[in-house]
Amino acid sequence: MMNSHKFLKLVLDTVTQHISVIDKDGEIVYVNKNWVAFGEANNYSMHNIWDKVNYLKECDKSALRGDELGAKAAEGIRDVINKVRDFFYFEYPCHSLYEKRWFMMRIVPFGLDNKEYYVISHENITERVSAEEKVLNQSRIDGLTDIANRRYFDEFLENEWKRCARIKLPLSLAIIDLDYFKLLNDTYGHQAGDECLRRVGAVLKKFVHRPADLCARYGGEEFAIVLGDTTAENSFNMMNDLVGDIRALGIENKNSSVIPTLTASVGVATMYPHSCDSKEELITAADKMLYKAKESGRNKVLHSKLMPL
């Protein structure tokens, strides 16, 4: 019969949680198979030498870079070590570039041979949170265009701003205005105007594929697209394609002074967010580019890169 140590290791390697054990100084003394596999899948450079890693110090490093999650984890672990709390847990997002993910972190103490240890587990709770978000999303959707409403846009941009600031990624914002939409409404009626907005909303959806992207109805005939981890060049090229796709809809607007079909003007801005900046600077910059696009003839994209690396 296998010994108890080997038996316990096999058990821990079968559970879905990512588990590590640290001592009172924060040094990792054990990780299970799924902890290692998650590190490998997410390109953590130290995944082959976990027993030489100080988990608390890694959390502190993240906190110094502005990572609120790292700071919260470090605080919770220290509270358990110092017996301020019996245990600690919190839920947090851990999105990859192409997948939304949420985890629950737990810290629980135990003793062995007069030494204190602490089990840290990370459990994937994406399925549960996704179900909750599905219900929540019903209040985030614009009823006419079936894309995000302004309220959710504000919330999403705030969160994406913090994420890009934390891990030093570029953030792009495009504000789209339908050229002479009032003329279209006056000429063909509000039903035709509503159908126009629905069709434009469907076009915008084609340009958001990742958890870091969002298209929204910004207000009236204005739309917005948030593009996390997207460079100035890429966002400019995407919005040029968008302007072409809106034009290709062939929606009649015979009284427009641009061309007799629906066109759009777009202002784009890209920043590398920092803690001393605010998302309002990004919105203002995109707004200014939109104004210039409209002043210089419409049916085009103008871009502002605010803060290069």
So which heavy atom on [X] is nearest to which on [Y], and how close?
| X | Y | value |
| --- | --- | --- |
| Asp179 | Asn253 | O-ND2, 3.6 Å |
| Ser235 | Ala232 | OG-O, 3.0 Å |
| Arg210 | Asp229 | NH1-O, 3.7 Å |

Are the charged groups of [X] and [Y] less than 4.0 angstrom apart, N to O?
| X | Y | value |
| --- | --- | --- |
| Arg78 | Asp60 | yes |
| Glu158 | Lys279 | yes |
| Glu58 | Lys61 | yes |
| Glu155 | Arg151 | no |

Does [X] [atom1] have over 12 foreign heavy atoms under 6.0 Å away?
| X | atom1 | answer |
| --- | --- | --- |
| Glu280 | CD | yes |
| Glu133 | CD | yes |
| Tyr291 | OH | no |
| Lys292 | NZ | no |

Cluster question for you: counting only ILVMFWY and a side-chain heavy-atom cut-off of under 4.5 Å, with indirect links fine, are Val21 and Ile81 together?
no
Under a single-linkage definition using a 4.5 Å side-chain heavy-atom cutoff for Ile, Leu, Val, Met, Phe, Trp and Tyr, are Leu302 and Ile225 assigned to the same hydrophobic cluster?
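Looking at the clustering, Ile225 is in a separate group from Leu302.
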Could you note down all residue pairs passing salt bridge (charged side-chain N to carboxylate O under 4.0 Å, His left out) where residues 110-126 supplies at least one of them, sequence neighbours left out?
Lys83-Glu116
What I'd like to find out is whether the side chain of [X] reaches to under 4.5 Å of the side chain of [Y], using heavy atoms alone.
| X | Y | value |
| --- | --- | --- |
| Asn34 | Ile19 | no |
| Leu144 | Arg198 | yes |
| Tyr92 | Met105 | yes |
| Thr231 | Thr270 | no |
| Glu160 | Leu173 | no |

Check: Asp177/Ser265 side-chain N/O donor and acceptor closer than 3.5 Å
no
Check ring pair (Phe, Tyr, Trp, His ring centres under 6.0 Å) between Tyr117 and all other residues, then give those that pass, not counting sequence neighbours.
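Expected list: Phe110.
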His18 ring center near Phe103 ring center (under 6.0 Å):
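Yes, ring centres under 6.0 Å apart.
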Can Arg150 be said to sit on top of Tyr218's aromatic six-ring, NZ or CZ under 6.0 Å from centre and within 45° of the ring axis?
yes
Pairs touching residues 164-214 that satisfy ring pair (Phe, Tyr, Trp, His ring centres under 6.0 Å), sequence neighbours left out:
none
Under 4.5 Å side-chain heavy-atom separation, chaining through any Ile, Leu, Val, Met, Phe, Trp or Tyr, what else clusters with [X]? Say none if it is isolated.
| X | value |
| --- | --- |
| Val84 | none |
| Ile141 | none |
| Leu169 | Ile167 |

